[in-house]
Student: 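So that we are looking at the same thing, I have put the structure below in structure tokens.
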Amino acid sequence: MPELPEVEHASRVLRDAAVGKAVRDVKVLHPSHRRRLRPRHVARLRSATVTRIERRGKHQIVHLSTGDALLVHFRMTGDWLVDDASAPIPKFARVVIELSDGVRVSLVDPRALSTVVLHGAGASPLPELGPEATDPSVTVETFGRALARRRVSIKHALLDQRVLAGVGNIYAAEALWMAQIDPRAAASSLSRARQARLLEAVRAVLARAQESTGRYRDGGPDGGPGRFEVYDREGVSCSRCGSRIRRIVQGGRSTYYCPKCQRR
DNA sequence: GGTCGCCTGGTA
DNA sequence: TACCAGGCGACC
């Protein structure tokens with residue numbers, strides 16, 4: 001699920017479930033998670049109380065009374081599932097946190113690509129990130145400067161978390177469609193006007209996704225309103241000009257766009 | 001710069 | 001059975 005709107009929603013779920021509670025037990029169920037979250041980390045978690053949940057881009061940071069921070073990234077398919085510790089372990093649960101009041105928070109992740117790491121107090125646990133994609137204080141000037149430095153396509157630049165934190169593959173494609181920009185255009189080639197349009201579009205698609213608590217797809221079986229404009233719509237008519245949506249691969253990832261009304 | 005590996009499930 | 005997947009870091 002996770003792009004910024006989904007992660008924002010998930011972090012709220014986690015906040016409601018966990019803040020102010022002590023960790024009673026932690027189970028690390030998948031080998032790939034066991035590689036990062038060792039028994040000594042689990043031991044440290046067991047004596048901690050959750051003080052605060054923070055989100056930065058698509059990262060979630062669980063601050064603990066011990067000064068440690070648990071860093072969670074959902075990658076492609078992670079999500080939180082909150083239930084009661086007495087219930088059977090949920091399907092695809094990879095890391096399970098039981099809290100003092102019997103509430104259980106499970107990281108469910110079919111592909112098991114998510115990451116959970118415990119960081120000690122001090123050093124910043126996060127990679128270099130740009131401003132939040134939804135931060136209203138981002139200006140066309142700062143956004144444009146970040147783009148001008150990248151010698152990659154504009155689609156690739158939007159996925160670079162150092163430009164704007166939180167933009168993922170779907171909303172990058174949607175924003176480029178809305179701004180009528182060809183995803184293959186060089187990031188550094190955008191005029192000021194197109195930079196402005198793109199920033200506006202990123203905000204619009206994320207805001208719209210936020211409203212519907214996550215995905216802004218699923219308009220219904222007939223793909224009614226609320227569906228993506230281009231993402232996963234290869235061969236479908238563009239709602240703006242009627243041309244067929246095309247799928248290409250950029251950096252190993254799918255990009256969907258309208259070859260007629262999105263220009264270089 | 002691009003490509004690959006991580007993992008596993010859903011779908012054509 | 002094959003392909004595809006909303007991410008990211010390591011690698012050439």
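From a predicted model like this one, the values you see are computed outputs, not experimental measurements. Chain A is the first sequence line, chain B the second, and so forth, proteins listed ahead of strands; every chain is numbered from 1. Atom set for the values below is all heavy atoms of this structure, side chains included, hydrogens, waters and symmetry mates excluded.
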Student: Expressed as a whole number of angstroms, how long is the span from A:R75:CZ to B:dT8:P?
Tutor: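 My rounded result for the distance is 15 Å.
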Student: Which nucleotide in the set B:dG9, B:dT8, C:dG7 lies at the smallest distance from any side-chain heavy atom of A:H30?
Tutor: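 Looking only at heavy atoms from C-beta outward on A:H30, the closest nucleotide is B:dT8.
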Student: Below 3.5 Å, does any donor atom in the side chain of A:Q161 face an acceptor in the base of C:dG7, or the other way round?
Tutor: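 In this structure, the two groups form no donor-acceptor pair.
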Student: Could you give the distance separating C:dG6 and B:dA12 at their P atoms, to the nearest angstrom?
Tutor: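 So the two P atoms sit 16 Å from each other.
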Student: What distance, rounded to whole Å, do you find between the two C1' atoms, one in C:dT1 and one in B:dC6?
Tutor: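 Straight-line distance between the two C1' atoms is 22 Å.
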Student: Looking only at heavy atoms, what is the nearest atom pair of A:R104 and A:A85, with distance?
Tutor: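 The pair with the smallest heavy-atom distance is NH1-O, 3.4 Å.
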Student: Rounded to the nearest 0.5 Å, how far does OH of A:Y256 lie from NZ of A:K155?
Tutor: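 Going from NZ on A:K155 over to OH on A:Y256, the span is 9.5 Å.
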Student: Rounded to whole Å, how long is the line connecting atom CZ of A:R111 with atom C1' of C:dC4?
Tutor: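 Spelled out: CZ on A:R111 to C1' on C:dC4 is 9 Å.
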Student: Using side chain to side chain contact (heavy atoms under 4.5 Å, CB included), reason through A:Q262 and A:I181 one step at a time and then give a plain yes or no.
Tutor: CA-CA 4 Å; A:Q262 290 180 248; A:I181 296 168; 5.5 Å; no
Student: Checking contacts here: which listed nucleotide (B:dG9, C:dG7, C:dC4) is nearest the side-chain heavy atoms of A:S254?
Tutor: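 That would be C:dC4.
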Student: Once pairs are restricted to Watson-Crick or G-U wobble with both distances under 3.5 Å, how does DNA chain B read as a dot-bracket string, [ ] for crossings and | for other-strand pairs?
Tutor: ||||||.|||||
Student: Just the rounded figure in Å: distance from C1' of C:dG9 to NE2 of A:H73.
Tutor: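 To the nearest whole Å, that distance equals 11 Å.
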Student: Short of 4.0 Å, heavy atom to strand atom, which residues of residues 142-157 of chain A count as contacting DNA chain B?
Tutor: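 Within this stretch, A:R151, A:V152 sit under 4.0 Å of the strand.
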Student: Would A:R240 pass as a cation-pi partner of A:W177, given that its NZ or CZ must be under 6.0 Å from the six-membered ring centre and within 45 degrees of the axis?
Tutor: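 Flagged: A:R240 positioned over aromatic ring of A:W177.
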Student: Please work out if A:F74 contacts a base, only the sugar-phosphate, or nothing of the nucleic acid, heavy-atom cut-off 4.0 Å.
Tutor: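 Result for A:F74 = nothing.
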Student: Quickly work out the A:R253 CZ to C:dG6 C1' distance and round it to whole Å.
Tutor: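 One finds 7 Å between C1' of C:dG6 and CZ of A:R253, rounded.
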Student: A:L71 has an atom CG; how far is it from atom P of C:dG7, in whole Å?
Tutor: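 About 17 Å, once rounded to whole Å.
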Student: Count I, L, V, M, F, W, Y as connected when their side-chain heavy atoms are under 4.5 Å apart, and connections chain through other members. Are A:I61 and A:L45 then in the same cluster?
Tutor: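 Different clusters: A:I61 never reaches A:L45 through Ile, Leu, Val, Met, Phe, Trp or Tyr contacts under 4.5 Å.
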Student: Quick one: do A:R208 and A:E174 make a salt bridge, cutoff under 4.0 Å?
Tutor: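 Salt bridge between A:R208 and A:E174, a charged N being under 4.0 Å from a carboxylate O: no.
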Student: Hey, does the side chain of A:Y256 come within less than 4.0 Å of C:dC4's phosphate (OP1/OP2), counting only N and O?
Tutor: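 Answer is no, no contact under 4.0 Å.
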Student: In terms of side-chain heavy atoms of A:Y231, which of C:dG6, C:dG7, B:dT8 is nearest?
Tutor: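 Nearest to the side-chain atoms of A:Y231, counting from C-beta on, is C:dG6.
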Student: Between A:R12 and A:E8, is there a salt bridge with N-O shorter than 4.0 Å?
Tutor: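 Judged by the 4.0 Å cut-off on N to carboxylate O distance, A:E8 and A:R12 do form a salt bridge.
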Student: Indicate, with a heavy-atom threshold strictly under 4.0 Å, whether A:G168 touches base, sugar-phosphate, or nothing.
Tutor: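 The answer is sugar-phosphate, as A:G168 gets under 4.0 Å only of primed atoms, P, OP1 or OP2.
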Student: Looking only at side-chain atoms of A:R247, point me to the closest of C:dG6, C:dC4, C:dC8.
Tutor: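 From the listed options, C:dC4 comes nearest.
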Student: Tell me, do A:T51 and A:V19 make a side-chain contact under 4.5 Å, heavy atoms counted?
Tutor: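 Sidechains of A:V19 and A:T51: no contact.
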Student: Quick one: is A:K58 getting a side-chain N or O under 4.0 Å of the C:dG6 phosphate, OP1 or OP2?
Tutor: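 So the side chain of A:K58 is outside the cut-off, no N or O lying under 4.0 Å from OP1 or OP2 of C:dG6.
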Student: Just the rounded figure in Å: distance from P of C:dA5 to CG of A:N169.
Tutor: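 A:N169 atom CG is separated from C:dA5 atom P by 8 Å.
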Student: Pick from A:H73, A:R75, A:H33, A:R94: which one makes a side chain to side chain donor-acceptor pair (under 3.5 Å) with A:S114?
Tutor: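 It is A:H33, the one option of A:H73, A:R75, A:H33, A:R94 that forms the side chain to side chain donor-acceptor pair (under 3.5 Å) with A:S114.
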Student: Where do A:K21 and A:S100 come nearest, in terms of heavy atoms and distance?
Tutor: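 Looking at all heavy atoms of both residues, the shortest contact is CB-OG, 3.8 Å.
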Student: Using whole Å, what does the distance between atom P of nucleotide B:dC6 and atom NE2 of A:H33 come to?
Tutor: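 So the NE2-P distance, A:H33 to B:dC6, works out to 15 Å.
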Student: In whole angstrom, what separates A:L129's CG from C:dG9's P?
Tutor: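 Those two atoms, CG and P, are 9 Å apart.
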